[in-house]
Amino acid sequence: MQIRDLIQPESIIIHADACSKEEAIHTLIDLHDKAGNLSDKKIYTEGILKREEESTTAVGEGIAIPHAKSEAVKRPGLTAMTVPEGIDYGAPDGKPSTILFMIAAPLDGDLHLEVLARLMTLLMDMDLRKQLLEAESGEAFLDCLNRAEAAKYPDEAAAAASEAGTDETAAEETAAAPAAAGYRVLAVTACPTGIAHTYMAAEALEQQAEKMGISIKVETNGSGGAKNVLTPEEIAAAEGIIVAADKQVAMDRFAGKRVYKTKVADGINKPEELISKALSDTTPIYEASADHVTAPDNAIEDESAGRKIYKSLMNGVSYMLPFVIGGGIMIAISFLIDTIAGAPSGSDFGTVTTAAAFFSAAGHYAFAFMMPVLAGFIAESIGDRPAIAVGFAGGYMATIGCTFASPTGDSTAISGFLGALLAGFVGGYIVVFLQWVFRKAPEFVHRMMPVLILPLFGITLMAVVMFALNPVIGVINTALSHALNNMGNSSAVILGCVVAGMMAIDMGGPFNKAAYVFGTAALATGGYNIMAAVMIGGMVPPIAIALSTTFFKNRWTKTELKSGPVNYIMGLCFITEGAIPYAAADPLRVIPSCIVGSALAGGLSMAFGCTLMAPHGGIFVFPVVGHVGGYLLALAAGSLIGMLMLALLKKKLPQEEA
C-alpha cells in the first residue's frame with residue numbers, strides 16, 4: 001500500500017503550534033477522527049498512549065511516528081503535522097521532533113510496520129525533510145511525499161500509471177528495463193526491533209553509494225522478515241559486503257567475500273566509511289563452515305574484551321531469567337499457601353498442603369534448568385548454535401557436582417552458579433577452538449561438524465574441564481555459602497547496603513546487572529535476604545526522584561516535572577531505568593542521592609530479616625515477601641532519604657526555568 005492511499009491534504013497540519021508531545025498526539029488523533037478513520041476515538045487514544053508508554057516513537061533526526069493497531073480503526077490511515085519550532089518527543093538523539101506522522105492500523109495484518117518502514121526509507125532523504133518543513137499547505141506537503149515515493153519506488157508508480165491508463169509507454173519501458181548486471185557492494189541492515197533503524201541505515205547507505213557512483217543493494221532484516229534479499233548470483237558478483245546489524249543475520253552465504261561487520265548505527269552515521277571499508281583490500285575475507293551459519297556478536301569491529309564478556313553474560317542471564325522468575329514466584333506461592341493454611345513451623349514448609357506441594361514442585365523443576373540455560377546461552381553468544389549443547393552439558397555438570405571420583409555427582413562438589421558461569425565461557429571457547437582446529441578439514445568433515453564432531457568433542461572436553469574444576473569451585477561455593485549463613489547482623493547489613501547501592505550506580509548498567517545476577521544466584525542457595533536487598537535497591541531511585549519532583553518542584557525543569565509521577569509506577573514495578581533521564585541530566589547530584597537511598601533501604605531490609613524468593617515483580621510480589629512490614633518501612637526510608645539528599649544537593653532553578 002502506498003502512502004498516497006492513506007493520507008489526504010485535510011489530514012495534514014502545516015506549521016502547527018503544538019508545544020508538547022501530548023498536544024501533538026491529540027491533534028493527530030483528532031485528524032484521524034475527522035477523516036473518518038476511527039470508530040471509537042477514545043479506544044484508539046488509549047492504544048496510542050499505551051504504545052508510547054512502552055517506548056518513545058520518536059526515531060531521531062527530527063522525526064516522530066506514533067502508531068497503534070487498534071480495534072477502533074475503521075479503515076487504515078495516516079495523519080501528519082509539521083512543527084518547525086520542534087517539540088520534545090523523547091527522541092534517542094535528543095533532538096526535537098519537527099515532522100510527525102501518526103499511523104492508524106487495524107488489528108489484522110502488519111500494515112503499521114509496512115508503513116513505518118516506507119516512511120523511514122523516504123524520510124532519510126534530508127532534502128525531502130526540508131521540503132516537507134517548508135511546505136505551505138497540505139497539498140504541497142502531500143505532493144512532496146508523492147514525488148519522493150514515486151522516485152523511490154518507480155515500479156509501483158509505473159504500474160499505477162499503467163492501470164490508470166495515463167502512462168502506458170512508461171510502464172512498458174519500466175517492464176522492459178533490463179535487470180542490473182550486478183552490484184559492487186551488497187549490504188544487510190538489521191536492528192533488534194527491526195523497524196526504524198534497519199531502514200534508516202539502508203537508506204543512508206543507498207544515498208551515499210549514489211553520491212559515490214557505486215552500485216549497491218541493501219537487504220533489510222526487519223520485523224516483517226528479510227526484504228530485498230541478496231541472491232547467490234549477486235553475492236558472487238559483489239566486490240564487498242557490509243553487515244550493519246545489532247542482531248544475528250545469516251552469514252555463511254558470504255563465505256569467501258570481503259565482509260565488513262559493524263553496528264547498525266554506523267550504517268546511519270558513517271555510510272561513506274562503511275562503503276570504503278567494504279571495497280578495501282584490508283577488509284578480511286569471511287570464512288565460514290557448515291557449522292557456523294550466523295555471525296556471533298563478537299564479530300563487531302572495535303568491541304573491547306570486557307564488552308564481549310559482558311554481552312555474553314547478559315545473553316545467558318536474559319535466557320535464564322524466565323526460569324528463575326517463574327520458578328521463584330511459584331516456590332514463593334507455595335510458602336504463602338502453607339502460611340495461610342496454618343502449617344506448623346517444624347514441617348517441610350511449602351509442601352504441607354496439596355496446593356503448596358504442586359507449586360513447590362513445579363517451581364523447583366523450573367529452577368533446575370536455571371544453571372544449564374545460563375551456561376548454554378553464554379556459550380551460544382561466543383560459539384553460536386553449536387556451542388549450546390556444550391554449554392548446557394557443562395551447566396548441568398556444575399549443578400550436580402560431577403567429578404572424576406564421582407562422575408554421577410557429588411553434593412560436596414556442586415559448583416552452582418560460579419561453575420555454570422565458567423562452563424558457559426569455557427564451552428563457547430571450546431567450540432571456537434574446535435572450529436579453528438577443523439578449519440582446513442575436507443568438506444565432508446565440515447558437514448558433520450554441527451551434528452557430530454562439535455557436540456562429541458565439545459562435550460567430552462567440557463566434561464574433562466568441569467570434572468577437574470567442580471571440586472575446587474565446590475569448596476569456594478561452600479565457603480561462600482557458610483560465610484553468608486553465618487554472617488552476623490552487622491555484616492549482613494553491610495552486604496545489603498553494598499548490593500542495594502550497586503543497583504543505583506548505573507541503573508541498568510554493569511554494576512546494576514552484577515548486583516542483580518548475584519541476587520538471583522543467591523536464590524539457588526537460599527539467600528532470599530540478598531535478593532530482597534537487591535530488589536529494594538532497584539526500586540528506590542525512581543521513587544526518590546518521583547517524591548522529589550512532587551515536593552521540591554523548584555529543583556526540576558518543566559519537562560522533568562511532567563514525567564516525574566511516572567517514576568512512582570516505575571519504582572514500584574522495580575524498573576530502575578526510570579531514573580536514567582534524571583541521572584543523565586545531573587549525574588553528580590542525582591546518582592549519589594540514589595545510591596545513599598538504595599543502600600539505606602538494602603541495609604534496613606537485611607536488618608529486618610526480609611526475604612524474597614521471586615527475583616522480580618516489585619510491589620506485585622510483596623505478598624510473598626518475608627517480613628513485608630519491615631520491607632515497606634525500608635523502602636519508604638530509603639526513598640525519603642534519597643528525596644532529601646536531592647533537595648539538599650540540587651539547587652533551586654530560576655523561576656523561568658522551574
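If you read the sequence from its start, that first residue is 1, and numbering goes on from there.
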Please report the interatomic distance [atom1]([X]) to [atom2]([Y]), rounded to the nearest 0.5 Å.
X	Y	atom1	atom2	result
L421	M371	CG	CE	9.5 Å
D143	Q131	CG	CD	9.5 Å
Q8	T79	CD	OG1	12.5 Å
D127	Q207	CG	CD	8.5 Å
F323	M370	CZ	CE	11.0 Å
Q208	I275	CD	CD1	5.5 Å

Mind checking salt bridge (Lys or Arg N to Asp or Glu O under 4.0 Å) for D88 and listing every partner two or more places apart, or none if nothing turns up?
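Residues passing salt bridge (Lys or Arg N to Asp or Glu O under 4.0 Å) with D88: none at all.
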[Y] side chain reached by [X] side chain, heavy atoms, under 4.5 Å:
X	Y	value
H32	M102	yes
I382	V431	no
I216	V218	yes
L434	I453	no
L122	E149	yes
I48	I25	yes
M466	M462	yes
R258	K277	no

Show the numbers, then the answer: is there a side chain to side chain contact (heavy atoms under 4.5 Å, CB included) between T82 and E134?
CA-CA 9 Å; T82 60; E134 292 175 351; over 6 Å; no
Taking all non-hydrogen atoms of both residues into account, name the closest pair between [X] and [Y] and its distance.
X	Y	answer
G267	A204	O-CB, 3.4 Å
A387	G428	CB-CA, 4.2 Å
L100	A24	CD2-CB, 4.0 Å
A244	L274	CB-CD2, 4.4 Å
T189	A201	CG2-CB, 3.7 Å
G419	A398	C-CB, 3.7 Å

What verdict does the side chain to side chain contact (heavy atoms under 4.5 Å, CB included) test give for V243 and F254, after you've listed the backbone C-alpha separation in whole Å, the side-chain angles of each residue and the deciding distance to 0.1 Å?
CA-CA 10 Å; V243 177; F254 302 139; 4.0 Å; yes
Return yes when atom OH of Y396 has more than 12 non-hydrogen atoms of other residues, nucleotides or ligands closer than 6.0 Å, and no otherwise.
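Counting neighbours around OH of Y396, 12 or fewer heavy atoms of other residues, nucleotides or ligands fall under 6.0 Å, so no.
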Worked verdict on E380 versus R385 for salt bridge (Lys or Arg N to Asp or Glu O under 4.0 Å):
CA-CA 5 Å; E380 185 260 356; R385 284 185 296 182; over 6 Å; no
With salt bridge (Lys or Arg N to Asp or Glu O under 4.0 Å) as the criterion, how do D266 and K263 come out once you've worked through the C-alpha distance, each side chain's angles and the decisive distance to 0.1 Å?
CA-CA 5 Å; D266 288 347; K263 305 181 288 293; 3.7 Å; yes
Does the side-chain hydrogen bond (donor to acceptor under 3.5 Å, both in side chains) test come out yes or no for S381 and S312, once each step is laid out?
CA-CA 5 Å; S381 73; S312 298; 2.9 Å; yes
For A80, give me all partners under side chain to side chain contact (heavy atoms under 4.5 Å, CB included), at least two apart in sequence or on another chain.
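If we apply the side chain to side chain contact (heavy atoms under 4.5 Å, CB included) test to A80, skipping adjacent residues, the hits are I7, I12, F101, F141.
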With a cut-off of under 6.0 Å to the ring centre and 45° to the axis, is K21 in cation-pi contact with Y89?
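Judged by the rule, K21 and Y89 form a cation-pi pair.
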Under a 3.5 Å distance rule, please check whether [X] uses its side chain to pair with a backbone N or O of [Y] as donor and acceptor.
X	Y	result
T460	L456	yes
S280	T282	yes
K261	I242	no
S415	L418	no
E219	V188	no
S215	R184	yes
T283	L279	no

Take R51 and T57, measure what side chain to side chain contact (heavy atoms under 4.5 Å, CB included) needs, and give me the verdict at the end.
CA-CA 8 Å; R51 172 60 186 84; T57 50; 3.8 Å; yes
Test ring pair (Phe, Tyr, Trp, His ring centres under 6.0 Å) applied to F377 and F425, Y319, F369, the passing residue:
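Among F425, Y319, F369, the one meeting ring pair (Phe, Tyr, Trp, His ring centres under 6.0 Å) with F377 is Y319.
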Does the pair L107 and V73 meet the rule for a side chain to side chain contact (heavy atoms under 4.5 Å, CB included), with working shown?
CA-CA 8 Å; L107 287 176; V73 175; over 6 Å; no
Does E234 form a side-chain hydrogen bond (donor to acceptor under 3.5 Å, both in side chains) with T231? I'd like the steps, not just the answer.
CA-CA 5 Å; E234 290 165 345; T231 67; 3.3 Å; yes
